[in-house]
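Chain A is the first sequence line, chain B the second, and so forth, proteins listed ahead of strands; every chain is numbered from 1.
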2 protein chains.
Amino acid sequence: MVEVPAQQRSTRQRRAVSAILDDLDGFASAQQIHDKLSHRGEKVGLSTVYRNLQALVDAAQVDMIRADDGEVLYRRCNAGHHHHHLVCRSCGRTVEVSGSAIERWAEAVAAEHAFVEVEHTIEVFGTCSSCAAR
Amino acid sequence: MVEVPAQQRSTRQRRAVSAILDDLDGFASAQQIHDKLSHRGEKVGLSTVYRNLQALVDAAQVDMIRADDGEVLYRRCNAGHHHHHLVCRSCGRTVEVSGSAIERWAEAVAAEHAFVEVEHTIEVFGTCSSCAAR
DNA sequence: GACTTCTGTGAGAACGGTTGTCAAAACGAT
DNA sequence: ATCGTTTTGACAACCGTTCTCACAGAAGTC
């Protein structure tokens, strides 16, 4: 009758998505991840990829950013703390960066103009050395 | 025969979109602008609104940012220099801010990891004092 | 294993913002 | 007024994402 809170089940698809994220060292879109799954021979529906990525984002296991064209990109992210990204716009390779100076700047700016409940998005895009070499 | 490079023509629609932007003091989406035009009795096609906004962005007369949900927001922006925004997520009211410290930080971070052709997006969202009062 | 229950899946439809199409309208120069 | 070119707008197409819902398949129980 009164049963356990209902856990997440371990399914083949869930494991496959998670495995792809582990092998990725940069951001990738849901559709790119779906393609990679196909290439591995894993058949996973696109909806399922989206659902599981969203679940991982909710569980704070995956970071989510928005590319210039509006597409959403995902990346495994263990770090529990607040941070930003330096992303290669060509290969997606990513470095996590954090800067307390930035956080303080954002808060100061907001306070100066009496804004509350402040959030900020800071992402740095560039071309990494190996991509620039080509 | 060989004629002038072809100027932008002054059309009713173009003027109407521009007028709306002048009356706006925050960011608004293309569709919101389209609605405002309708309320004024100006009949302008949605495609035309998008086209003219894009043209203004290209002409550096309008700033463009992407909201959390991916929607694109526009705002008249005279300032020629590089800057960022402090945006009220409730009413769209916007303050232009610039911080050389931030620019230097972004460049330093990129240089440290040998990234080139660096760009950054920094937007601060919050609730402005008048919206917070409600 | 067999049975049950409830979560997860997937094919496809729907959605929402944006861009493309193309014939008709209209600007501006003559 | 006329002409050549740009601009417009109704509508379709696009594209990433979310929704729907019948069915598959975890995990618990006996």
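Taking for each of A:Leu46 and B:Val72 the nucleotide of DNA chain C with the nearest heavy atom, the 5'-most of the two is the partner of A:Leu46.
For B:Tyr50, counting side-chain heavy atoms from C-beta on, the closest listed nucleotide (D:dT17, C:dG10, C:dT19) is C:dT19. Side chain of B:Arg9, nearest nucleotide from C:dG10, C:dG8, D:dT6: D:dT6. Each of D:dT17, D:dG9, C:dA26 was ranked by its minimum atom distance to the side chain of B:Thr48; first place goes to D:dG9.
Under the 6.0 Å cut-off for aromatic ring centres, B:His120 and B:His84 qualify, their centroids lying closer than that. If you look at B:His85 and B:Phe27, their ring centroids are closer than 6.0 Å.
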Can you check side chain to side chain donor-acceptor pair (under 3.5 Å) on B:Asp35 and B:Gln31, steps first, answer last? CA-CA 6 Å; B:Asp35 286 351; B:Gln31 320 227 33; over 6 Å; no

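Taking all atoms of both residues into account, the shortest heavy-atom contact from A:Arg66 to B:Asp69 is NH2-C, 3.6 Å. When all heavy atoms of B:Glu42 and B:Ala16 are compared, the closest pair comes out as CD-CB, 3.9 Å.
A close approach under 4.0 Å does not occur between any side-chain nitrogen or oxygen of B:Asn52 and OP1 or OP2 of D:dT7.
Side-chain to base pairing of B:Ser47 with C:dG20: one donor and one acceptor N or O lie within less than 3.5 Å of each other. Judged by atom type and distance alone, B:Arg51 reaches the base of D:dG9 through a side-chain donor-acceptor pair under 3.5 Å.
No engagement by B:Asp69 is indicated, since no non-hydrogen atom pair under 4.0 Å with the nucleic acid exists.
Listed for the B:Arg104 side chain is no donor-acceptor partner under 3.5 Å among the backbone atoms of B:Gly99.
Non-hydrogen atoms lying under 4.0 Å from DNA chain D are contributed by B:Thr11, B:Arg12, B:Gln13, B:Arg14, all within residues 10-27 of chain B.
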